[in-house]
Amino acid sequence: MKKALSFLILVSVLALLLCPPVSAEPLPGIDGPCYMTLSPTSTLNGMSVTWWDTGLADTGCVEYGGSPNFSGGALGTATAVRMASDPVNGFSVFTATLTGLDEGVTYYYRVGHDEMWSEVKSFTTGSQADAFSFFYMGDIQYQSFDTAQADYNTWGALLESVTVSYPDVRFGVLGGDMVQQGQAPSCWQMFFGQATKVFSTLPMIAVPGNHESNASNGKPAMYLDMFNLPANGPAGLEEEFYSYDYGNCHFACLSSTVLAGEQVALGGMQAADYDAVKTWIASDLASSDATWKVIVLHHPPHAVVSDAVATAVLEEWEPLFVDAQVDLVLCGHQHVYMRTKAIRGVTEVMGNSGSKFYAPADVGYSRCMIPYVSTYEVISVTPSELSLTAVDPAGNILDAVTLQPKDRSETPVWSDLTGDFDNDYELTEYDVGLLKAFILSAQPYDGDYDLNNDGRVNIADAHLLALAVLNNHEIGGEL
């Protein structure tokens with residue numbers, strides 16, 4: 001954990017250097033209510049609206065009604081709370097929650113104050129539909145300072161293409177690292193400048209990534225000001241952790257960056273909160289009887305390349321996902337598309353929708369890996385199947401998988417396998433390759449690789465593992 005903490009602090013410092021600096025002048029274009037985005041509440045009878053206004057604005061509200069011109073007057077108003085005020089950069093952030101709405105109904109709304117109002121937008125409330133679709137987008141952050149605005153423009157075009165190609169999607173899910181520097185207003189302005197085009201009419205849920213979580217106390221402070229998400233998570237970590245239900249699908253949204261230790265080191269949380277988080281995750285998943293259970297988090301349990309936080313997710317949280325028989329994990333962080341095989345029944349999909357790409361790697365649990373391409377994932381849900389398709393900017397389907405619902409009346413028994421070096425709970429030729437690589441690298445003795453327990457790691461161990469793989473049995477099993 002100490003190594004992970006040091007690494008993340010170093011990354012945070014680098015992120016500060018690579019992001020556009022905080023402006024000494026007001027941000028351009030903030031001359032009234034703008035950048036409206038929607039987020040669901042914990043019930044289908046509400047909707048949260050968040051927006052920006054000038055730095056001088058100290059009040060705001062939402063007016064909403066059943067027609068675009070508010071004929072007959074507004075159905076209601078919702079008073080806003082000012083979440084952030086930044087006179088130096090010339091903006092404020094407001095949020096308001098509309099309650100008592102009817103399910104599956106279209107409402108029109110505008111935000112503002114006095115005589116300063118935004119344009120009228122609309123949204124449709126959720127319903128208990130058994131069949132629906134939503135979309136997922138992994139890392140959005142830009143490639144470099146010089147390409148920042150162009151990269152966000154490219155992402156904005158990809159975002160708009162989702163609703164053109166798939167007009168029936170009901171909401172969007174974002175997997176963290178929406179910005180390069182979570183405490184720089186200029187980064188958030190570039191993000192919302194594009195996001196509002198879709199998310200002012202379509203709700204979104206999101207989780208913070210490591211690039212959002214770099215306030216002085218380690219928390220994603222500005223992220224928490226910018227979004228108004230369900231506050232049903234563990235005490236002190238509300239909106240960093242939360243759950244959301246739509247139809248027959250349950251979403252558990254988790255801030256994996258807390259496992260880096262930065263919040264504990266800087267005072268954003270206590271060490272005891274790690275146990276509280278694990279208790280909350282287990283309880284939240286166990287209390288849901290939804291047909292489909294989906295995890296959303298930034299860091300992948302099974303990584304493309306080694307990552308300290310991903311390893312912590314695998315060790316600390318992945319067993320909870322397995323025990324709850326989770327169907328799908330949506331993640332990101334490593335800027336490449338990857339779909340794993342169902343590892344102990346759980347399929348993981350790593351998305352990347354931005355213009356920043358990392359190289360692929362050969363990992364045994366990958367069933368599809370697509371590097372150097374921006375994608376979004378459309379997930380369609382029915383009572384009998386959950387299907388996911390990965391789509392590129394041209395609309396081409398690059399990958400697809402269909403999952404069947406699980407009978408959770410019985411809990412499968414999974415046991416660790418000696419020689420399972422890639423942690424996919426199968427002995428495969430990939431494990432043999434990892435063992436051979438260890439032998440050839442002449443590294444110091446490691447008992448995990450000494451499969452015959454003779455005090456050495458050599459070709460005899462590789463032969464033993466190869467026989468197990470060839471004959472489809474465990475180490476020490478009968479031939």
Side-chain angles (χ1 to χ4, degrees), residues 1-4 7 256 259-260 278 295 299-326 329 331 333-334 336 338-350 358-369 401 406 410-479:
M1 185 66 77
K2 291 181 179 179
K3 289 183 179 179
F7 176 76
S256 55
L259 292 174
K278 291 179 69 172
I295 299 291
H299 295 83
H302 289 84
V304 174
V305 296
S306 179
D307 180 275
V309 179
T311 298
V313 171
L314 181 65
E315 294 175 352
E316 297 295 324
W317 294 353
E318 191 259 358
L320 305 177
F321 306 162
V322 173
D323 288 346
Q325 300 188 63
V326 163
V329 172
C331 55
H333 185 58
Q334 297 197 323
V336 63
M338 180 179 71
R339 173 174 57 84
T340 70
K341 64 184 179 183
I343 305 172
R344 294 201 291 177
V346 181
T347 299
E348 301 170 19
V349 172
M350 180 187 299
Y358 292 160
D362 179 22
V363 289
Y365 40 74
S366 173
R367 282 296 171 266
C368 180
M369 189 174 298
V401 65
K406 296 177 178 178
E410 295 185 8
T411 302
V413 177
W414 305 93
S415 59
D416 293 336
L417 294 171
T418 301
D420 177 24
F421 301 120
D422 65 350
N423 298 306
D424 68 350
Y425 292 86
E426 288 187 69
L427 298 183
T428 67
E429 292 181 0
Y430 189 79
D431 296 301
V432 178
L434 292 175
L435 178 53
K436 287 180 178 178
F438 180 86
I439 295 169
L440 293 173
S441 66
Q443 295 184 46
Y445 174 80
D446 186 330
D448 289 340
Y449 291 92
D450 184 9
L451 303 183
N452 61 4
N453 298 307
D454 65 353
R456 296 172 296 175
V457 179
N458 54 27
I459 193 63
D461 300 292
H463 184 252
L464 181 63
L465 181 56
L467 282 176
V469 171
L470 181 63
N471 292 283
N472 194 29
H473 64 71
E474 297 182 34
I475 298 294
E478 294 185 8
L479 296 177

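Any value given below was found using the heavy atoms of this structure, including those in side chains, with hydrogens, waters and symmetry copies removed.
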- prompt: Does Asp424 use its side chain to pair, donor to acceptor, with the backbone of Ile343 at less than 3.5 Å?
  reply: no
task: Determine which pairs satisfy side-chain hydrogen bond (donor to acceptor under 3.5 Å, both in side chains) with at least one residue from residues 317-326, sequence neighbours left out, and list them in order.
output: Glu318-Arg344
For Gln334, all residues meeting side chain to side chain donor-acceptor pair (under 3.5 Å), sequence neighbours excluded: none
statement: Sorted by chain and number, sequence neighbours left out, ring-ring contact (aromatic ring centres under 6.0 Å, His included) with His299 holds for His333
task: State which residues pass side chain to side chain contact (heavy atoms under 4.5 Å, CB included) with Leu417; sequence neighbours excluded, sorted by chain then number.
output: Asp420, Leu427, Glu474
message: Is it the case that the side chain of Thr340 and the backbone of Tyr365 share a donor-acceptor pair, with hydrogens and angles ignored and the cut-off at 3.5 Å?
response: no
Atom pairs and distances, donor-acceptor, side-chain atoms in residues 429-443, under 3.5 Å, two or more places apart:
{"residue": "Tyr430", "atom": "OH", "partner": "Asp362", "partner atom": "O", "Å": "2.3"}
{"residue": "Asp431", "atom": "OD1", "partner": "Phe421", "partner atom": "N", "Å": "3.0"}
{"residue": "Asp431", "atom": "OD1", "partner": "Asp422", "partner atom": "N", "Å": "3.2"}
{"residue": "Asp431", "atom": "OD2", "partner": "Thr428", "partner atom": "N", "Å": "3.0"}
{"residue": "Asp431", "atom": "OD2", "partner": "Thr428", "partner atom": "OG1", "Å": "3.4"}
{"residue": "Ser441", "atom": "OG", "partner": "Ala437", "partner atom": "O", "Å": "3.3"}
{"residue": "Ser441", "atom": "OG", "partner": "Phe438", "partner atom": "O", "Å": "2.7"}
{"residue": "Ser441", "atom": "OG", "partner": "Gln443", "partner atom": "NE2", "Å": "3.0"}

- line: For Ala359, the side chain to side chain contact (heavy atoms under 4.5 Å, CB included) test, sequence neighbours excluded, returns Tyr372
Residues which pass side chain to side chain donor-acceptor pair (under 3.5 Å) with Asn423, listed by chain and number, not counting sequence neighbours: none
query: Considering residues at least two apart in sequence or located in another chain, which fulfil the side chain to side chain contact (heavy atoms under 4.5 Å, CB included) criterion with Ala361?
result: Val304, Val305
statement: Nearest heavy-atom approach of Leu465 to Leu451 is CB-CD1, 3.7 Å
message: Taking atom CG as the centre, does Asn472 end up with more than 12 heavy-atom neighbours from other residues, nucleotides or ligands that are less than 6.0 angstrom away?
response: no
task: Answer yes or no: is there a side-chain heavy-atom contact under 4.5 Å between Val401 and Arg367?
output: no
message: Which residues pass the salt bridge (Lys or Arg N to Asp or Glu O under 4.0 Å) test with Asp454, not counting sequence neighbours?
response: Arg456
- request: List for me each residue that meets salt bridge (Lys or Arg N to Asp or Glu O under 4.0 Å) alongside Lys406, sequence neighbours excluded, and say none if there are none.
  value: none
Tyr449 and Asp461, any side-chain heavy atoms less than 4.5 Å apart: no
message: Restricting to side chain to side chain contact (heavy atoms under 4.5 Å, CB included), what partner residues turn up for Thr311, sequence neighbours left out?
response: Glu315
message: I'd like to check His302 versus Val329 (side-chain heavy atoms, cut-off strictly below 4.5 Å). Are they in contact?
response: no
- request: Can you sort out the partners of Tyr425 under ring-ring contact (aromatic ring centres under 6.0 Å, His included), two or more places apart, ordered by chain and number?
  value: none
Closest non-hydrogen atom pair between Val313 and Ser256, with its separation: CG2-CB, 4.0 Å
- prompt: Any idea which heavy atoms bring Met369 and Pro360 closest together, and the distance?
  reply: SD-CB, 3.5 Å
message: Quick check: closest heavy atoms across Ala303 and Val363, and the distance to 0.1 Å?
response: O-CG1, 3.9 Å
